[in-house]
Structures are given as C-alpha cells and as structure tokens.
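Each remark here refers to the structure printed beneath this line.
Scope of the values below: all heavy atoms of this structure, side chains included, with no hydrogens, waters or symmetry mates.
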Amino acid sequence: MKRLSRRFYSRPTEELAPALLGKLLVCGDRVGRIVETEAYLGPADQASHTRFGKTARNEVMFGTVGVAYVYFIYGMYDMFNVVGYRGREAGAVLVRALEPIAGIGDDVKVASGPGKLTRAMGIRRSAHYGADLVTGGDLYIAGGARRAGAVATGPRIGVDYAGAWARRRLRFWIEGNRSVSRAR
DNA sequence: GTTCCGATGCTT
DNA sequence: AGCATCGGAACG
C-alpha cells in the first residue's frame with residue numbers, strides 16, 4: 001500500500017479532515033478504514049490543544065505535517081491525530097473511528113471511537129508520538145481502494161467548553177457507515 | 001431512550 | 001481541577 005505524501009497533509013485541517021475519510025490507517029499488520037475525523041486548528045481555535053500556544057505536549061502540532069500527534073487522556077486512552085496545516089500555522093486531525101479491514105477482528109465496535117481505535121491498532125503515545133507517517137515506520141496512512149460515501153458534518157464531540165468554536169461543523173464522517181462512533 | 005458515574009493519570 | 005473517553009448502572 002502506498003503512503004500518502006507530505007503534500008497531502010499540507011492544507012488546512014478543515015480540508016484535510018474530510019479528505020482522510022475512506023483512507024486506510026495502517027499500523028504494522030493492522031488496517032482500518034478511516035470513517036470519522038475532526039479538524040483541530042491553530043491557536044485561535046478554542047477547542048484545540050494549540051489554544052495555549054506551543055507546550056511540551058502539543059509541540060508536534062506546530063511542526064512537520066504528516067507526523068503523528070498522540071496524546072494520553074482520562075488516565076487510560078491514547079488519541080491519534082495527524083498533523084496538518086498550511087503555511088505558518090498549526091493543527092491536527094483527530095481520527096475518531098475506523099472500519100476494521102485487517103488484523104483487528106471484524107467487530108464493528110472495536111474501533112468505533114478515538115480511544116478504542118488506538119487500542120485496536122496498537123497505537124501508543126510512547127511508541128508513536130512524533131512518528132513520521134510519510135517517510136517510514138510501522139504507522140502510516142494509505143489511499144483507500146474503495147470510494148467513500150457521502151460526507152456528513154457536525155459539531156466536534158466533547159468540546160462544549162469552547163463556546164462558538166464548539167458549534168462549528170468540524171466533525172466529518174461517512175454518511176451511514178456503521179463504524180462511526182455514537183455522539184454523546 | 002436518557003442521565004450519571006467511576007476509572008485513572010497527565011496537563012495546565 | 002479538568003480532560004478531544006468509555007462501559008455500565010440507574011431511571012423512565
């Protein structure tokens with residue numbers, strides 16, 4: 001499978017997030033189709049980890065695009081993002097759900113949610129923080145074989161603290177796909 | 001169907 | 001103290 005290029009990630013996350021739908025996330029011999037994403041922008045975005053500027057946790061969001069931003073939350077979940085933005089900005093796309101393709105069983109629920117998919121795929125902050133998806137390593141994104149369905153949009157999940165930014169339609173999913181996470 | 005809660009540890 | 005979550009319990 002062919003890795004997506006650096007150029008693919010060099011665009012605003014609100015464009016990158018829907019473009020990733022239907023692509024294949026690969027970690028070793030495990031594969032899932034991306035069916036749900038969220039765009040997180042630069043420091044103006046009050047829901048983004050970039051909103052406090054560059055810190056030890058989020059520094060890769062300000063660095064090379066096409067690199068993994070993996071963070072640990074709620075004491076038990078790793079979340080997988082890929083860095084993307086255009087020009088002198090910052091940002092990343094959170095992958096929220098995968099359709100199982102290979103190596104993770106065929107239970108629809110196993111990768112339906114951002115905390116669950118990292119467990120299913122074996123993605124960990126300790127192993128993959130800052131990993132370059134373009135040049136090498138076990139973790140990457142490849143073009144999908146099938147065409148994705150229609151793209152639906154809605155507010156991002158779990159960011160109600162972010163005021164008007166919480167209401168922007170920066171969540172994207174493949175309409176009707178059974179692996180899309182249920183909103184809370 | 002809904003709402004609430006605890007788990008568990010890093011970040012600000 | 002709060003968190004880009006989740007599964008289960010309680011309730012209606």
Side-chain angles (χ1 to χ4, degrees), chain A residues 9 12-21 23 25 27 32 34-63 65-85 89-100 104-105 107-131 133 139 141 151-174 177-184:
Chain A
Y9 299 102
T13 49
E14 58 261 67
E15 294 177 20
L16 177 60
L20 285 169
L21 296 174
K23 299 291 188 282
L25 179 62
C27 188
I34 297 171
V35 299
E36 179 182 353
T37 58
E38 283 177 357
Y40 287 87
L41 288 65
D45 178 0
Q46 293 303 295
S48 176
H49 288 172
T50 59
R51 68 189 181 279
F52 301 119
K54 190 194 284 191
T55 67
R57 174 171 72 157
N58 70 16
E59 61 181 352
V60 296
M61 290 183 78
F62 293 81
V65 302
V67 160
Y69 170 46
V70 185
Y71 65 90
F72 187 66
I73 195 167
Y74 296 120
M76 59 191 97
Y77 299 108
D78 289 296
M79 305 284 243
F80 169 72
N81 305 248
V82 56
V83 176
Y85 56 89
E89 250 284 329
V93 173
L94 172 68
V95 177
R96 287 192 56 90
L98 302 173
E99 175 185 331
I104 59 175
D107 181 356
V108 166
K109 311 217 75 175
V110 74
S112 176
K116 294 161 67 176
L117 75 89
T118 52
R119 287 187 175 175
M121 294 291 288
I123 297 170
R124 300 176 309 284
R125 183 174 76 136
S126 58
H128 298 109
Y129 181 89
L133 309 189
L139 181 63
I141 301 174
V151 175
T153 68
R156 292 172 293 184
I157 303 299
V159 296
D160 289 347
Y161 58 82
W165 282 93
R167 282 172 247 120
R168 288 189 53 173
R169 305 177 75 80
L170 293 172
R171 176 176 171 238
F172 304 87
W173 66 93
I174 297 178
N177 189 285
R178 293 172 51 237
S179 293
V180 172
S181 71
R182 84 177 174 89
R184 295 192 173 243

Does A:R119 put a side-chain nitrogen or oxygen below 4.0 Å from OP1 or OP2 of C:dT5? no
Between A:Y71 and C:dC3, does any side-chain N or O lie under 4.0 Å from OP1 or OP2? no
Select base, sugar-phosphate, or nothing to describe what A:R125 touches, counting heavy atoms under 4.0 Å on all strands. sugar-phosphate
Of all the heavy-atom pairs spanning A:Y129 and A:A56, show the shortest one and how long it is. OH-O, 3.6 Å
Between C1' on B:dT11 and NE2 on A:H49, what's the gap in Å once rounded to a whole number? 9 Å
Partners meeting side-chain hydrogen bond (donor to acceptor under 3.5 Å, both in side chains) with A:R169 (sequence neighbours left out): A:T153
Does a nitrogen or oxygen in the side chain of A:T55 sit under 4.0 Å from OP1 or OP2 of B:dT12? yes
Within a strict 4.5 Å, meaning less than it, do heavy atoms of the A:I141 and A:L25 side chains meet? yes
Quick test: give all pairs of protein nitrogen or oxygen and nucleotides 6-8 of chain B nitrogen or oxygen below 3.5 Å, distance rounded to 0.1 Å.
residue, atom, partner, partner atom, Å
B:dT8, O2, A:Y74, O, 2.3

Canonical and wobble pairing (Watson-Crick, G-U, under 3.5 Å) of DNA chain C, dot-bracket with |: |||.|||||||.
Reckon A:K116 has a side-chain N or O less than 4.0 Å from the OP1 or OP2 of C:dG7? yes
Would you kindly give the CD1-to-C1' distance between A:I157 and C:dC3, to the nearest whole Å? 15 Å
Heavy atoms, side chains only, cut-off 4.5 Å: are A:V60 and A:F62 in contact? no
Does the side chain of A:R57 get closer than 4.0 angstrom to OP1 or OP2 of B:dG9 through an N or O atom? no
What's the CZ-P distance between A:R51 and C:dG2, to the nearest Å? 13 Å
For A:R156 and A:D45: C-alpha separation, side-chain torsions, deciding distance, then whether salt bridge (Lys or Arg N to Asp or Glu O under 4.0 Å) applies. CA-CA 12 Å; A:R156 292 172 293 184; A:D45 178 0; 2.8 Å; yes
